[in-house]
Amino acid sequence: MNIILLGPPGAGKGTQAKRLETERGMKQVSTGDMLRAEVAAGSEIGKKVKAILESGQLVPDEIMVAMIEKRISQPDCAKGFILDGFPRATSQAIVLDEMLKRKQIAINAVILIDVPREELMKRISERVGDDGSRRSDDTPEVLRSRLEVYDAQTKPILPYYERDGRLKKVDGLQSIDDVGRAIDKILDVAGK
Ligand code: AMP
């Protein structure tokens, strides 16, 4: 089963993706994590995207599309993947559909974890990594810019997936466990 998790920064996409990885053996494909790894490794891509990540803007589509195509073609994605952070613009959603069609890969569910903006500001300002570290883009200024990017570029994807009935919404204000249960229900139906 392959799914797309959509939602603003801080909605809990990563948390839910990690749980699905453990419980269902699906693979989390987080473009944010992949980009941060490139920056940490000091690779060519890392050098190109470092400043963009720090500003909260979007990395150009051609870099993202090449990255995602390579990643979902790897054997560990064959049992199912969770796209977390991709697509983030309608242009990416369109290219993704073309790519998946070409590869004869189906997406079983597109799930939006919906959380209002005030709650996101609160959550991100409290977000600290497993090792006690804070992401360099988890500051109030960059968050504001990431939320603006979400509203302007990522939100317009929703009608794209709504049109053909693919979009399922989950209330992200619920507890982590309840969000998980709502996602599980959607996946159980989609898997039948
Ligand atoms: P995330 O960890 O998903 O919040 O992503 C962190 C940052 O990586 C974003 O603020 C963007 O700068 C960049 N990024 C992640 N995914 C994408 C994408 N699909 N398209 C463009 N930029 C992305």
Side-chain angles (χ1 to χ4, degrees), residues 2-21 26-73 77 81-100 107 110-115 117 119-131 133-158 160-161 172 179:
N2 304 312
I3 68 166
I4 298 175
L5 281 185
L6 293 175
K13 300 188 295 294
T15 303
Q16 294 300 331
K18 290 213 169 64
R19 186 187 60 85
L20 292 172
E21 218 173 29
M26 299 161 80
K27 198 72 203 164
Q28 176 190 19
V29 176
S30 158
T31 44
D33 285 351
M34 289 161 74
L35 291 164
R36 282 185 288 277
E38 296 284 349
V39 173
S43 69
E44 276 312 306
I45 291 182
K47 283 181 205 150
K48 274 191 207 154
V49 304
K50 186 169 186 286
I52 305 176
L53 256 67
E54 282 167 0
S55 72
Q57 297 298 308
L58 294 188
V59 170
D61 280 1
E62 52 282 14
I63 294 181
M64 297 316 303
V65 170
M67 192 178 258
I68 212 85
E69 174 146 28
K70 195 167 156 204
R71 184 67 192 87
I72 63 172
S73 307
C77 283
F81 55 76
I82 306 150
L83 295 187
D84 162 12
F86 188 96
R88 236 180 174 93
T90 308
S91 53
Q92 293 182 0
I94 293 169
V95 175
L96 177 66
D97 271 343
E98 287 163 4
M99 181 197 302
L100 294 173
I107 292 290
V110 181
I111 301 171
L112 167 69
I113 307 179
D114 212 2
V115 178
R117 181 180 281 240
E119 173 70 12
L120 297 168
M121 293 294 290
K122 196 172 118 220
R123 284 188 190 179
I124 299 240
S125 58
E126 289 165 359
R127 175 152 84 185
V128 178
D130 295 338
D131 56 356
S133 64
R134 193 175 275 277
R135 265 170 54 174
S136 62
D137 60 353
D138 273 357
T139 62
E141 303 77 58
V142 182
L143 174 61
R144 210 157 291 127
S145 134
R146 287 162 63 205
L147 289 176
E148 267 159 29
V149 168
Y150 178 78
D151 284 346
Q153 304 192 55
T154 308
K155 249 191 183 167
I157 300 180
L158 303 180
Y160 177 81
Y161 288 125
V179 172

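These figures come from a predicted structure and were not determined experimentally. Both counts, for ligands and for their atoms, begin at 1 and track the order of listing.
- For the residue pair Tyr160/Asp97, the side-chain donor-acceptor check at 3.5 Å is satisfied.
- Here the closest heavy-atom approach between residue Asp61 and residue Ser91 is recorded as OD2-OG, 2.5 Å.
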What do the steps show when you test Arg144 against Glu141 for salt bridge (Lys or Arg N to Asp or Glu O under 4.0 Å), and what is the final call?
CA-CA 5 Å; Arg144 210 157 291 127; Glu141 303 77 58; 5.8 Å; no

Test salt bridge (Lys or Arg N to Asp or Glu O under 4.0 Å) applied to Lys50 and Glu54, step by step
CA-CA 6 Å; Lys50 186 169 186 286; Glu54 282 167 0; 3.2 Å; yes

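- Summarising the geometry of Leu53 relative to Asp137, their closest heavy-atom pair is O-CB, 3.7 Å, with the distance given to 0.1 Å.
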Does ligand 1 have any N/O atom under 3.5 Å from a protein N/O, and what are those pairs and their distances?
from	atom 1	to	atom 2	distance (Å)
ligand 1	2 (O)	Arg36	NH1	3.0
ligand 1	2 (O)	Arg36	NH2	3.0
ligand 1	2 (O)	Arg135	NH1	3.4
ligand 1	2 (O)	Arg135	NH2	3.4
ligand 1	3 (O)	Arg88	NH1	3.1
ligand 1	3 (O)	Arg88	NH2	3.2
ligand 1	4 (O)	Arg88	NH2	3.1
ligand 1	4 (O)	Arg135	NH2	3.3
ligand 1	5 (O)	Arg88	NH2	3.4
ligand 1	12 (O)	Gln57	O	2.6
ligand 1	16 (N)	Thr31	OG1	2.8
ligand 1	16 (N)	Gly85	O	3.3
ligand 1	16 (N)	Arg88	NH1	3.2
ligand 1	19 (N)	Gly85	O	2.9
ligand 1	19 (N)	Gln92	OE1	3.1
ligand 1	20 (N)	Gln92	NE2	3.0
ligand 1	22 (N)	Val59	N	3.0

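- In plain terms, the two heavy atoms of Gln28 and Asp33 that are nearest each other are NE2-OD2, 4.3 Å.
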